[in-house]
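Note sheet for the following structure.
Just so you know, ligand 1 is whichever comes first in the structure, and atom 1 is the first atom listed for that ligand.
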Amino acid sequence: MKRENFGSRIGVLAAAAGSAIGLGNIWKFPYITGKNGGAAFILVYLACIALVGVPVMLAEFSLGRKVQKNAVGVFKELAPRKPWLLTGVLSVTTAFIILSFYAIIAGWVFAYIWRAGSGQLLSVQHKDIANYFGGIISSGVEPVIWTFVVIGITTSIVLFGVRKGIEKCSKVLMPLLLFILVILMIRSVTLEGAWKGLEFLFKPDFSKLTKEGFLEALGHSFYSLSLGMGIIMTYGSYVGKKENLISLTFQVIVADTLIALMAGIVIFPAVFAYGLEPSQGPGLIFVTLPAVFKSMPFGVVFETMFFVLIAIAAITSTISLMEVVVACVTEQFKIERKKATVIIALGIFLLSIPSTLSFGPWADVKILGKNFFDMFDFITSNIFLPAGGILVCLFTAWVWKSKNAIEEITSNGLYKFKGGKLFSFAIKILAPLAIGLIFIHFTGILKL
Ligand code: PHE
């Protein structure tokens with residue numbers, strides 16, 4: 001079976017940045033920043049990206065490109081007949097499960113685009129919006145349908161393959177995302193009273209930064225860069241041997257971070273300008289922002305654009321999650337791509353149903369004290385992802401050896417890599433230790 005490759009450098013960048021830029025940037029980053037003291041949290045986040053995000057992304061890209069196989073194939077080839085292939089299995093399983101609940105939140109966004117565009121959302125009174133949102137997500141059938149729509153769109157893109165599906169779409173959607181974001185940003189910072197929001201975002205308040213905040217920054221840097229689940233590895237396997245992985249990594253990371261900050265610049269000035277609460281938590285975009293748009297001239301237009309923006313960000317991430325699984329199943333089991341994609345999509349949809357219902361009819365069905373959605377989120381974000389991250393670092397550093405990784409990163413000496421020593425140190429010791437901290441903390445094995 002001939003393997004596809006990305007057709008252009010800009011295509012790789014759009015696809016990888018598309019995966020990284022997602023709900024994590026536009027939905028989660030602003031609200032955890034709001035909770036943890038604004039700029040103080042951002043500084044810690046940037047440090048985590050530099051010290052852990054960069055080396056782990058380089059390791060994943062280089063592993064994938066070296067072997068030119070899916071996440072399981074990589075470990076099978078570099079460490080034949082060793083249990084390391086389980087790291088690949090873990091990554092693919094994590095992607096499968098994450099997609100099953102990521103698609104639900106993306107589905108809420110789609111439900112909102114519809115309501116925003118028709119003007120329905122603007123007619124809801126501010127005090128009723130929390131109930132309105134609660135009504136949508138708990139209604140049983142509607143969220144299941146939207147989840148199906150999200151998985152359907154994702155499937156139809158992945159079906160077309162790497163170049164004609166993922167790359168082509170990302171090349172159109174990512175510039176569109178940037179365009180919408182810039183318009184919304186201009187709108188937000190030109191509102192009266194916007195500076196208070198900018199101050200909140202950029203003026204550090206170290207008193208609000210707790211130990212928890214540090215760990216949250218570390219965990220989020222991982223999640224936001226789509227690390228630890230074989231995505232970057234799989235995309236890396238479609239990258240040409242002469243591509244410069246150092247600048248690619250750098251560009252993906254800068255894009256991801258800039259978009260997160262820009263999302264903050266869209267949200268906080270607007271929230272402050274209308275005197276609303278910035279620390280709403282997960283409801284920030286679904287409950288607080290509709291109130292903002294309600295008071296804004298041409299609110300319908302800006303509101304619809306905002307939710308379209310989030311939908312784009314979400315879809316370019318869901319396609320990367322699905323691709324990890326599709327690549328693995330087609331290559332490991334020699335199943336035809338189209339067939340594999342449809343079967344996987346159905347599996348993901350079935351798995352998503354209990355999680356979708358856990359916001360409504362199945363709210364009381366609990367496993368280990370958590371509903372389905374929370375349980376899947378907890379297991380993947382706090383256990384599987386960090387475990388995958390540590391294993392990738394340890395494998396690269398101690399089994400494959402950093403020397404070989406550096407050779408691949410520099411395309412056998414074609415490119416200069418000044419941070420080689422730092423990279424080795426980071427994947428050998430620094431990153432596994434840091435990720436281990438998240439793991440220990442969030443699993444509650446040890447309270448730090
Ligand atoms: N990086 C994505 C985001 O910021 C999240 C994501 C996680 C995407 C895992 C794909 C896989 O939203």
Side-chain angles (χ1 to χ4, degrees), residues 13-33 45 48-49 52-53 56-57 60 64 71 90-109 150-151 154 157-158 166 169-170 173-174 177 181 216-236 249 252-264 282 284-285 309-328 344 348 352 376-389 392 438:
L13 179 62
S19 170
I21 296 164
L23 295 171
N25 301 59
I26 301 173
W27 170 62
K28 195 163 175 197
F29 180 79
Y31 89 72
I32 53 176
T33 303
Y45 177 74
C48 297
I49 294 266
V52 184
V56 177
M57 185 173 281
E60 282 207 28
L90 177 73
S91 307
V92 176
T93 313
T94 311
F96 189 89
I97 300 176
I98 290 191
L99 183 49
S100 79
F101 65 81
Y102 197 86
I104 298 173
I105 305 177
W108 299 346
V109 174
V150 170
I151 296 176
T154 308
I157 299 171
V158 174
I166 300 177
C169 254
S170 310
L173 292 178
M174 295 317 285
L177 174 137
L181 200 55
E216 208 161 352
L218 189 59
H220 186 67
S221 63
F222 231 72
Y223 182 82
S224 187
L225 295 173
S226 301
L227 297 172
M229 65 196 99
I231 291 184
I232 298 298
M233 206 181 288
T234 306
Y235 276 11
T249 300
V252 173
I253 289 184
V254 169
D256 186 67
T257 312
L258 274 184
I259 298 279
L261 290 174
M262 284 166 81
L284 184 65
I285 64 167
L309 166 83
I310 306 178
I312 294 176
I315 289 291
T316 46
S317 296
T318 53
I319 54 182
S320 69
L321 284 163
M322 192 177 273
E323 178 60 26
V324 171
V325 190
V326 169
C328 172
I344 290 163
I348 290 168
S352 76
F376 285 137
D377 183 18
F378 182 84
I379 295 181
T380 50
S381 308
N382 302 325
I383 302 179
F384 288 4
L385 272 190
V392 165
I438 317 182

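For Thr316 (side chain) and Ala313 (main-chain N/O), a donor-acceptor pair under 3.5 Å exists by modelled atom type. In this structure a side-chain-to-backbone donor-acceptor pair under 3.5 Å is missing from Tyr45 to Glu216. Without hydrogens or angle criteria, Ser320 side chain to Ala16 main chain gives no donor-acceptor distance under 3.5 Å. A donor-acceptor pair is defined here as one N or O able to donate and one able to accept, closer than 3.5 Å; no such pair exists between the side chain of Glu323 and the backbone of Tyr235.
Evaluated for a side chain to side chain contact (heavy atoms under 4.5 Å, CB included) with Leu181, the options Ile21, Asn25, Ile259, Ile312 yield exactly one hit, Ile259.
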### Pair Met174-Leu13, side-chain contact (heavy atoms from CB on, under 4.5 Å): steps then yes or no
CA-CA 10 Å; Met174 295 317 285; Leu13 179 62; over 6 Å; no

Check each N or O atom of ligand 1 against all protein N or O atoms and list the pairs under 3.5 Å, with atom names and distances to 0.1 Å, one per line.
residue: ligand 1; atom: 1 (N); partner: Ser19; partner atom: O; Å: 3.4
residue: ligand 1; atom: 1 (N); partner: Ala20; partner atom: O; Å: 2.9
residue: ligand 1; atom: 1 (N); partner: Tyr223; partner atom: O; Å: 3.0
residue: ligand 1; atom: 1 (N); partner: Ser224; partner atom: O; Å: 2.9
residue: ligand 1; atom: 1 (N); partner: Ser226; partner atom: OG; Å: 3.1
residue: ligand 1; atom: 4 (O); partner: Ala20; partner atom: O; Å: 2.9
residue: ligand 1; atom: 4 (O); partner: Gly24; partner atom: N; Å: 3.4
residue: ligand 1; atom: 4 (O); partner: Asn25; partner atom: OD1; Å: 3.1
residue: ligand 1; atom: 12 (O); partner: Leu23; partner atom: N; Å: 3.0
residue: ligand 1; atom: 12 (O); partner: Gly24; partner atom: N; Å: 2.6
residue: ligand 1; atom: 12 (O); partner: Tyr102; partner atom: OH; Å: 2.9

